[in-house]
Amino acid sequence: MVVNPKEIGWNNVLSKPLAGPNQSKLLQRAGHTATAVGADIYVIGGKTAAKGGRMQFCSDICKLDTAASKWSTGFLRPPFGEKTYHTATHIGVDIWVIGGADDKHSSAQVYVLNTKTLKWRTVAFRGDTRLLQRSAHGCTRHPKVANALLLFGGWGRDTASLSDDCTWLNDLALLRLDTLTVEQVQPHGSLPTARAYHTFNTMGNKCFVVGGRTTQNTLLAGDQLLCMYDAATNQWMSPGPVSGSFPARSSHRGVVIGGNQLVICGGTGQGKLRMNDTSVLKQASKGHLSWRCLSVSPFQPGRTAQGMTVCNDSLYILGGYGIGQSFPPDVWSLPLGAVTGADARQRPVQPHSLDLAVEDPPARCEATCWRTAKRGRAKGSTDAGPASKRQHALAPAGAVDTAQVPGCQAMQPTRDTMTALPPLHAQSNAALPQAAADRNVSGACAMLPASAAALYGGCAFNDAAAMSATVSRLEGDLARAKAALTERLATEDIQLRQRRDLEAEVTRLHAEVAAAGLRCTTSTHQCAQLQRVSEERLQQLQCAEAATADASSRAAAAVATNGDLQRQLSGATQQRDDLSRLVTEREEASKAAEADAVKARSMVRQERLDWEKADADSRCALHSLREEWRMLQDTNAHLHATVTRLTKSLEVAQDKVSEGVNVLAEVRKRAGEEREQSSKAVQAQQAATQAAEHQLQTAQARIGTAETAHKKLEAELSQLRPHAADLEQQLSQCQVKLKAAQADVTDLRAEALHSKEFYAESNKGLEREGQHLADHCNELLKIVAQRRSHSSSLAQG
């Protein structure tokens with residue numbers, strides 16, 4: 001299709017009234033979205049002017065049926081309130097509405113409209129939902145992840161800050177629609193400048209950010225006007241050299257056509273200029289980008305923050321800000337042919353001049369032109385054939401000298417001659433315009449009319465032989481001209497293809513040179529960065545070596561301290577065990593003696609009671625003296641048995657003491673053996689320490705050799721760090737054990753003192769009890785002697 005800029009351009013759809021509600025009220029808005037689903041365009045949200053010059057935010061949804069040219073409104077109530085500068089993305093039968101703002105704050109809610117059932121649903125995402133709170137952002141499909149959306153920039157909350165205030169954003173958020181999760185993308189490369197009121201579209205595997213505003217409402221220009229994100233490598237990268245020009249702007253709209261052309265319309269330029277141009281960013285097959293401005297009749301007036309979408313092979317612009325704060329309530333459409341056919345329209349036609357090697361035409365017959373001639377009817381002729389009709393012939397521009405044309409005489413052509421020549425005339429007449437139209441080869445075909453002039457330019461033939469010779473010559477000329485023309489056209493086609501290939505190769509070489517320069521610059525920066533990193537790693541290595549040496553010395557001191565502590569701990573443990581055994585034996589002996597003393601006391605008490613009863617009985621009756629005597633004898637025997645038992649108990653106690661002495665000797669012997677084992681263990685540990693020091697020296701040697709290799713340096717450093725950490729941990733553990741051993745020694749000393757005091761007190765108590773028992777036995781013996789003397793005196797009396 002040939003596109004004529006004067007005939008195809010932006011057309012105001014309002015030139016024909018549309019059915020439905022008042023369109024002027026529906027489209028007096030800006031900051032809304034226009035999303036095409038089939039032949040319908042859904043307009044959601046926005047803001048408009050209210051009384052008093054204040055802005056009124058919209059919370060409605062309306063639909064334009066482009067097939068029936070009909071508006072619909074009030075058919076669906078959205079679940080959200082006032083909303084503007086949000087995004088509405090069409091996926092399947094759903095429209096995903098994300099973010100946006102009202103007159104107070106930005107929203108983090110996500111709503112989905114099913115265009116078949118006309119039902120809304122609220123979607124709750126999992127993850128860091130602060131990434132959803134933004135407005136005036138960009139939203140596009142992820143090129144590599146299925147059923148996923150990418151959000152970039154806007155005005156919202158910064159997830160890296162603890163503040164709830166909004167700011168300009170330059171982060172990427174990934175929304176997985178199948179799992180309903182949101183996460184922040186961590187791309188490589190330099191991040192674009194934070195911005196809002198930009199466009200964010202996908203072409204191939206790359207996403208393009210165009211324009212926008214940043215801090216202090218500054219328009220982004222220069223290398224920040226066009227930014228590119230490669231989804232295949234997850235990297236922000238430079239788009240490279242971009243041909244053509246594109247003015248900086250914000251609040252514009254962009255849609256992708258054909259997968260490789262991004263159409264940008266409108267926006268706010270420098271000085272708050274409302275723009276009405278239509279620019280196209282085209283991505284070539286080799287990735288080269290170029291800007292061009294379509295020479296189509298623009299929409300009027302210029303506007304910004306409008307709605308824009310593609311529907312039914314046409315671009316549609318709906319509403320937006322006009323001049324100042326006006327809201328033009330109109331709809332403009334542009335056929336896609338104006339975009340896809342612009343290449344053929346703007347490409348200039350290169351004329352091809354062909355030089356054909358042909359015979360020179362007969363003299364005075366080269367300057368000819370077509371004219372219409374009317375032949376008169378001969379007198380007396382009744383033939384109303386060709387002589388009586390209007391004939392097309394080739395006439396010379398001036399007089400013709402027929403004498404210089406071979407085979408021609410000054411006579412009129414016969415009827416047979418005129419009948420035989422029109423086919424040749426028709427053949428040349430059909431071939432010449434076609435060849436001239438194909439390649440613009442007017443110079444190459446000039447000889448054919450000149451040759452034909454010899455036949456039609458008023459020259460007559462004497463006979464049929466001369467006429468046949470002339471016709472044959474003309475046919476030969478025509479054949480040679482055709483062959484030369486075909487050969488020349490083939491040569492020109494080859495040259496044209498070679499020229500195009502050469503231009504493509506030159507373009508590719510320019511692109512490769514630019515890319516090589518960019519890679520060289522990047523490599524230089526990387527080399528400098530690697531050099532800095534290497535210096536930092538070398539410093540870290542030196543610090544690590546110093547720390548390793550310090551750790552080695554501390555480890556040696558810790559090993560020595562550990563040996564001393566272990567020896568002290570073994571001695572203290574042995575002393576504690578000895579004291580514990582002695583205390584246990586003394587406690588058992590004390591308990592046994594105490595039990596014997598209790599039994600002796602009870603027996604003495606019983607004997608005292610018995611003696612008191614016997615004394616009372618002797619006072620009561622003399623006849624009980626014999627029985628008392630027998631009882632005294634029994635008591636004496638019992639006392640003798642008790643004394644014997646106590647003597648045996650004392651011998652048993654002495655045997656236990658001797659056994660304790662033997663056990664103590666065995667314990668000391670075992671302690672000596674354990675001390676020898678401990679010394680062997682200490683020697684083994686010292687050998688292990690020496691082996692560890694040897695390994696440490698080996699590691700240090702490896703570190704010294706690894707200074708020439710960056711990777712080995714990192715590996716050795718990663719090995720030394722855990723070793724130093726382990727040494728420090730062992731040192732801290734040794735310190736803790738030392739403190740615990742010191743505490744145990746203190747406790748053992750306190751327990752030993754307490755045991756000594758308890759043993760001394762126990763000995764004193766035993767001595768007191770033994771003295772008391774001896775005194776009591778002496779008293780009993782005295783009483784027995786007295787009783788015996790008294791009994792003997794009674795017997796004598």
Establish, yes or no, whether the cationic atom of K63 lies under 6.0 Å from the six-membered ring centre of F75 and within 45° of the ring axis.
-> yes

Angle class for the [X]/[Y] ring planes (parallel below 30°, perpendicular above 60°, tilted otherwise)?
{"X": "Y321", "Y": "F327", "value": "tilted"}
{"X": "W10", "Y": "F299", "value": "perpendicular"}
{"X": "W168", "Y": "Y197", "value": "perpendicular"}
{"X": "F152", "Y": "W236", "value": "tilted"}

State plainly whether the residues [X] and [Y] are in salt-bridge range, i.e. N to O under 4.0 Å.
{"X": "E82", "Y": "K47", "value": "no"}
{"X": "D94", "Y": "R121", "value": "yes"}
{"X": "D277", "Y": "R249", "value": "yes"}
{"X": "D171", "Y": "R157", "value": "no"}
{"X": "R130", "Y": "D128", "value": "yes"}

First locate atom [atom1] of [X], then atom [atom2] of [Y], and finally report the distance between them rounded to the nearest 0.5 Å.
{"X": "Y85", "Y": "H32", "atom1": "OH", "atom2": "NE2", "value": "10.0 Å"}
{"X": "T304", "Y": "R274", "atom1": "OG1", "atom2": "CZ", "value": "5.5 Å"}
{"X": "D40", "Y": "K70", "atom1": "CG", "atom2": "NZ", "value": "11.5 Å"}
{"X": "L191", "Y": "L172", "atom1": "CG", "atom2": "CG", "value": "8.0 Å"}
{"X": "L175", "Y": "I98", "atom1": "CG", "atom2": "CD1", "value": "5.0 Å"}
{"X": "L64", "Y": "S72", "atom1": "CG", "atom2": "OG", "value": "8.5 Å"}

Could you check T115, N114, I61, T89 and say which one makes a side-chain contact (heavy atoms from CB on, under 4.5 Å) with I95?
-> T115

For the pair [X] (side chain) and [Y] (backbone), establish whether a donor and an acceptor sit closer than 3.5 Å, ignoring hydrogens and angles.
{"X": "S106", "Y": "G156", "value": "no"}
{"X": "N11", "Y": "V13", "value": "no"}
{"X": "T48", "Y": "Q28", "value": "yes"}
{"X": "H252", "Y": "V210", "value": "yes"}
{"X": "R253", "Y": "G266", "value": "no"}
{"X": "D330", "Y": "N12", "value": "no"}
{"X": "S135", "Y": "H86", "value": "no"}
{"X": "Q224", "Y": "T193", "value": "yes"}
{"X": "S326", "Y": "P328", "value": "no"}
{"X": "K206", "Y": "P143", "value": "no"}

Taking atom types as modelled and ignoring hydrogens, do the side chains of [X] and [Y] form a donor-acceptor contact shorter than 3.5 angstrom?
{"X": "Q261", "Y": "R292", "answer": "yes"}
{"X": "N312", "Y": "T66", "answer": "yes"}
{"X": "T268", "Y": "S251", "answer": "no"}
{"X": "T181", "Y": "T179", "answer": "yes"}
{"X": "T87", "Y": "H137", "answer": "yes"}

Is the closest side-chain heavy-atom distance between [X] and [Y] below 4.5 Å?
{"X": "R141", "Y": "L150", "result": "no"}
{"X": "Y229", "Y": "V185", "result": "yes"}
{"X": "P187", "Y": "Q235", "result": "no"}
{"X": "L219", "Y": "R213", "result": "yes"}
{"X": "F208", "Y": "L289", "result": "yes"}
{"X": "T33", "Y": "V43", "result": "no"}
{"X": "S238", "Y": "M228", "result": "no"}
{"X": "P335", "Y": "D313", "result": "no"}

Closest heavy-atom pair, A173 versus L131, reported as atoms and distance to 0.1 Å, is CB-CB, 4.0 Å

Mind running side chain to side chain contact (heavy atoms under 4.5 Å, CB included) on V112 and W120 for me, showing each step along the way?
-> CA-CA 6 Å; V112 180; W120 286 95; 5.9 Å; no

Stepwise side chain to side chain contact (heavy atoms under 4.5 Å, CB included) test for V123 and W96 | CA-CA 10 Å; V123 178; W96 291 72; 4.2 Å; yes

Do other residues, nucleotides or ligands put more than 12 heavy atoms under 6.0 Å from L118 CG?
-> yes

Would you please test V263 and T278 for side chain to side chain contact (heavy atoms under 4.5 Å, CB included) and show each step?
-> CA-CA 7 Å; V263 183; T278 304; 3.9 Å; yes

Decide yes or no on side chain to side chain contact (heavy atoms under 4.5 Å, CB included) for R176 and H142, but give the supporting numbers first.
-> CA-CA 10 Å; R176 301 182 185 271; H142 198 291; over 6 Å; no

